[in-house]
Amino acid sequence: MKNKILIPLVVIGALAAFFSFRYGGGDGQTAEERKALVLESVMKAVNQIHYSPREINDSFSDRVYHKVLDELDYEKKFFTQKDINALKKYEFKIDDEIRNGNVDFYDKLDAIFVKRIDDADTIYKEVLKTPYTFNSNEKEELDGAKLSYVADDKALKERWREYLKYKVLAKYVELKDDRAKKDTATGADATAKKEPRKTDAELEADARESVRKNQQNYFKRLHKWKEDERFALYVNAIVTNEDPHTDYLPPVDKQRFDEEMSGAFFGIGAQLKDDNGKIKIDRVITGSPCWKEGELKAGDEITKVAQGDKEAVDIQGYEIEDAVTLIRGPKGTTVKLTVKSVDGSSKVIPIVRGEVLVEDKFAKSAIIKSNDGPVGYIYLPEFYADFQGINGRRCAEDIDSEVVKLKSAGVKGIILDLRYNGGGSLNDVVDMAGLFVGRGPVVQVKGTNETPKTLISGKSAIYDGPMAIMVNQGSASASEIMAAAMQDYKRAVIVGSPTYGKGTVQKIVPLDELIDPLTRMKMQADALAANKTGADGNSIGSLKITIQKFYRINGGSTQLKGVTPDIELPDPYSLLESGERNDKAALQWDEIAPAAYTPVQNAPNMAQLAALSKSRTAANPTFNLIEESAVRIKKQKDDNLVSLNETEYRKEIEETNLASKKLEEIQKKITPYDITNPKADSAKITEDSTSISKNNEWIRNLKKDIYISETVNIINDMAKAGMTVQTAVKK
């Protein structure tokens with residue numbers, strides 16, 4: 001999971017002793033010295049701070065060796081067995097290299113990989129010059145875990161031929177289907193017939209050209225993949241073998257992480273897209289600096305970017321990420337964009353950078369008008385918190401506001417949707433739980449050789465009516481704390497499928513704090529002399545490291561096991577191995593003594609609610625189809641061989657699409673609930689055409705969501721039972 005649960009930043013107090021590596025002299029730090037410094041600092045942090053550091057031995061080395069190979073070449077399209085034989089001697093030596101502070105294995109691996117990128121870049125171009133035929137009995141294996149490395153360069157070219165044939169076949173079938181639609185088009189759509197009808201050979205050539213362009217872009221990204229970014233991947237292959245949620249964050253990645261957690265960044269507020277190599281505005285974010293400035297429009301092409309009064313940089317041919325890096329910058333600074341409008345005119349638009357809030361990341365609510373009365377719905381995509389900003393957004397405060405809106409609308413129950421919510425701020429989940437149970441324990445946390453600490457919410461309850469929390473396999477970390485606390489208090493009914501199973505706590509450790517003072521001063525002096533800061537040389541990054549496990553107030557951990565819903569609904573992925581339990585590096589489940597807490601009075605009858613829901617889902621054809629899909633998806637996961645014969649390929653695709661078509665037909669016959677926004681949100685959602693469009697799309701998707709429909713039924717069952725609760729009383 002990418003969204004990990006965090007506690008507020010804690011800086012390591014003492015500076016570390018001198019490292020054994022030698023720092024470069026007056027010419028600055030060499031690349032090899034910097035890599036050694038990063039690796040040694042990372043492992044020092046792991047050994048001193050990690051909740052349960054693993055023994056660095058031959059077994060650990062073996063896991064790192066195979067993990068980094070999979071990360072670089074899971075589909076086995078780059079390395080040959082000859083390459084692997086050259087690397088094999090390092091399989092059980094990486095642990096020795098970690099202890100000795102050298103990176104020989106990485107250097108050897110990286111040199112081979114860079115060469116193989118160049119080789120594959122040549123191979124795909126040669127392969128795609130030759131037309132394909134799709135009447136053989138060839139098959140393509142899509143699961144890299146089931147593939148072996150090819151013997152030599154000749155076999156590598158054959159692997160690329162088969163892989164590209166699969167890609168071309170998929171595009172070829174798509175183009176043929178489009179042609180068939182044009183052949184049968186009537187009315188206004190028949191105007192497309194004016195174009196010359198392409199032959200099968202011409203469509204095959206078009207398909208190869210489309211795949212060639214995709215591969216060209218793919219290799220363009222690979223060639224721009226910097227060496228220090230590949231080294232970061234290697235370091236992460238090491239630290240994620242400590243546990244899946246310990247990550248090395250180079251300076252640039254740390255900045256992105258902070259932005260994801262806060263839902264905010266400093267820039268102009270325009271989303272960009274690549275349009276055949278041109279950087280264009282996809283949409284302008286409402287309320288952002290460029291929205292307020294008013295000249296930048298969707299469809300405009302950005303050709304140059306200038307920082308203040310400095311010379312403009314021509315960004316034509318740039319990757320999106322590189323363009324974004326140039327456009328973003330410190331708050332209050334000016335960026336000047338040379339823009340070509342849709343009408344062909346060009347002009348320079350100066351924009352003062354400011355805070356941009358990505359509203360899609362924040363909580364929002366809706367009112368579902370069921371036959372038995374209005375039900376409130378709150379969507380929370382993540383447990384966000386702006387740790388850097390004094391007045392930044394925090395999800396606990398936003399949920400408080402959404403609940404107040406829904407209570408004002410007279411809802412008879414509230415649904416909190418935590419599906420696919422990967423976690424976030426631990427402090428906020430503790431505060432949020434208090435909104436529904438009042439002052440009392442929410443979660444227990446325990447570090448290595450520490451007495452468990454109970455985190456207690458100081459909030460007063462603001463809502464005591466029927467409540468349901470929606471979860472699935474994508475609900476992790478803070479989502480699991482929230483669901484588990486409400487389940488232990490018997491405050492809410494948990495609906496959906498078993499959660500991810502991430503029961504660990506991370507914090508951010510600045511690795512610069514672990515460097516000895518003299519080396520740190522030398523780094524800063526070299527960076528200053530070279531006019532470099534941050535990612536350019538003044539920092540070696542940070543480590544997001546697991547420091548604690550958290551436990552439910554009933555004593556059990558959510559680690560590995562997750563939270564089992566009170567009411568399980570059919571899930572298309574229920575038969576797949578997923579979540580924390582699917583990672584060999586995951587920490588194990590255990591339990592501690594329960595905290596002192598009292599469940600709510602007049603708790604809902606979970607068994608009765610589950611029985612009523614079961615009778616509805618069993619009679620619902622949509623849920624029946626979902627259960628059938630689970631079997632089909634499991635079969636597809638186990639068998640990833642795809643036919644490269646057009647006739648057989650079409651049969652496989654049709655079989656895959658059949659269930660989807662059935663589901664669409666059934667959903668068309670369903671009368672959806674009427675869903676509206678709270679009145680308090682009317683100004684925000686009608687601010688401009690983009691806001692209106694996005695909100696309308698969100699509401700449409702809610703209406704089609706059968707899981708929400710069934711959860712509304714569950715809320716109505718609770719309301720009919722006259723459920724109101726008294727908040728928990730601390731013992």
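This is a predicted model, so every value here is computed, not measured. One-based numbering along the sequence shown.
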Side-chain donor-acceptor contact under 3.5 Å, [X] with [Y]:
X: Q559; Y: E580; value: yes
X: H66; Y: D62; value: yes
X: T504; Y: K549; value: no
X: D512; Y: S539; value: yes
X: T499; Y: E480; value: yes
X: D58; Y: S61; value: no

So, do [X] and [Y] sit near enough that their side-chain heavy atoms are less than 4.5 Å apart?
X: I279; Y: T303; value: no
X: K446; Y: Q548; value: no
X: L233; Y: L72; value: yes
X: N640; Y: K146; value: yes
X: I540; Y: I515; value: yes
X: L164; Y: L128; value: yes
X: F60; Y: I238; value: yes
X: L142; Y: Y166; value: yes

* Do the two ring centres, one from Y90 and one from Y65, sit under 6.0 Å apart? ->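 No, ring centres 6.0 Å or more apart.
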
Please confirm whether the backbone N or O of [Y] pairs with a side-chain atom of [X], one donor and one acceptor, at under 3.5 Å?
X: E513; Y: P510; result: no
X: E33; Y: T30; result: yes
X: E126; Y: I123; result: no
X: T240; Y: D243; result: no
X: Y74; Y: A145; result: yes
X: N85; Y: Q81; result: yes
X: N100; Y: D96; result: yes
X: N421; Y: S479; result: no
X: E382; Y: Y384; result: no
X: K76; Y: G144; result: yes

* To do: State whether the number of non-hydrogen atoms from other residues, nucleotides or ligands found under 6.0 Å of K273 atom NZ is greater than 12.
  =>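 More than 12 heavy atoms, drawn from other residues, nucleotides or ligands, come within 6.0 Å of this atom.
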
* To do: Please say whether more than 12 non-hydrogen atoms of neighbouring residues, nucleotides or ligands are located less than 6.0 Å from NZ in K304.
  =>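 Check fails, neighbour count at 12 or below.
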
* Test log, rule salt bridge (charged side-chain N to carboxylate O under 4.0 Å, His left out), inputs D228 and K35 -> CA-CA 8 Å; D228 57 347; K35 286 186 286 191; over 6 Å; no

Is the closest basic N to carboxylate O distance between [X] and [Y] below 4.0 Å?
X: K157; Y: D153; answer: no
X: D386; Y: R393; answer: no
X: R99; Y: D95; answer: yes
X: D322; Y: K224; answer: yes
X: R230; Y: E227; answer: no

Do you know which two heavy atoms are closest between [X] and [Y], and how far apart they sit?
X: G562; Y: R581; answer: N-NH2, 4.2 Å
X: A312; Y: A306; answer: CA-CB, 3.6 Å
X: Y420; Y: S475; answer: N-OG, 3.8 Å
X: A45; Y: I545; answer: O-CD1, 3.5 Å
X: V150; Y: A155; answer: CB-CB, 3.6 Å
X: Y551; Y: V443; answer: O-CG2, 3.3 Å

* Go through the steps to decide whether K336 and D309 satisfy the test side chain to side chain contact (heavy atoms under 4.5 Å, CB included), and finish with yes or no. => CA-CA 8 Å; K336 293 180 179 178; D309 294 328; 3.2 Å; yes

* With sequence neighbours left out, write down each residue that passes side-chain contact (heavy atoms from CB on, under 4.5 Å) with T333, or none if nothing qualifies. =>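 Counting only residues at least two positions away or on another chain, T333 forms a side-chain contact (heavy atoms from CB on, under 4.5 Å) with P330, R353.
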
Working to the nearest 0.5 Å, report the span between [atom1] of [X] and [atom2] of [Y].
X: E32; Y: D104; atom1: CD; atom2: CG; answer: 8.0 Å
X: L156; Y: D152; atom1: CG; atom2: CG; answer: 8.5 Å
X: E91; Y: L69; atom1: CD; atom2: CG; answer: 9.0 Å
X: T448; Y: Y51; atom1: OG1; atom2: OH; answer: 6.0 Å
X: E242; Y: R63; atom1: CD; atom2: CZ; answer: 8.5 Å
X: N241; Y: K67; atom1: CG; atom2: NZ; answer: 6.0 Å

* Are D121 and K125 close enough, and set up right, to give a salt bridge (charged side-chain N to carboxylate O under 4.0 Å, His left out), and what steps lead you there? -> CA-CA 7 Å; D121 196 354; K125 292 172 183 174; 3.5 Å; yes

* Using the six-membered ring wherever Trp is involved, compare the ring planes of F231 and Y234 and label them parallel, tilted or perpendicular (cut-offs 30° and 60°). =>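 If you compare the ring of F231 with that of Y234, the planes turn out tilted.
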
* To do: Measure the acute angle between the ring planes of F113 and F78, then classify it against the limits of 30° and 60° as parallel, tilted or perpendicular.
  =>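 Plane angle over 60°, so perpendicular.
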
* To do: Would you check, one step at a time, whether the test ring-ring contact (aromatic ring centres under 6.0 Å, His included) holds for Y124 with F219?
  => CA-CA 10 Å; Y124 92 83; F219 277 94; 5.1 Å; yes

* Test log, rule salt bridge (charged side-chain N to carboxylate O under 4.0 Å, His left out), inputs R116 and D119 -> CA-CA 5 Å; R116 284 305 183 187; D119 293 343; 3.1 Å; yes

* Check step by step if side chain to side chain contact (heavy atoms under 4.5 Å, CB included) holds for K331 and V352. => CA-CA 8 Å; K331 182 179 181 180; V352 178; over 6 Å; no

* **Evaluation steps, side chain to side chain contact (heavy atoms under 4.5 Å, CB included), between I268 and R328** => CA-CA 7 Å; I268 65 170; R328 288 188 183 181; over 6 Å; no

* To do: Please assess K226 against E229 for the test salt bridge (charged side-chain N to carboxylate O under 4.0 Å, His left out), listing each intermediate value before the final yes or no.
  => CA-CA 5 Å; K226 297 177 182 177; E229 293 172 333; 5.3 Å; no

* To do: Test the K93-F105 pair against the cation-pi criterion, namely NZ or CZ under 6.0 angstrom from the six-membered ring centroid and within 45° of the ring axis.
  =>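 No.
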
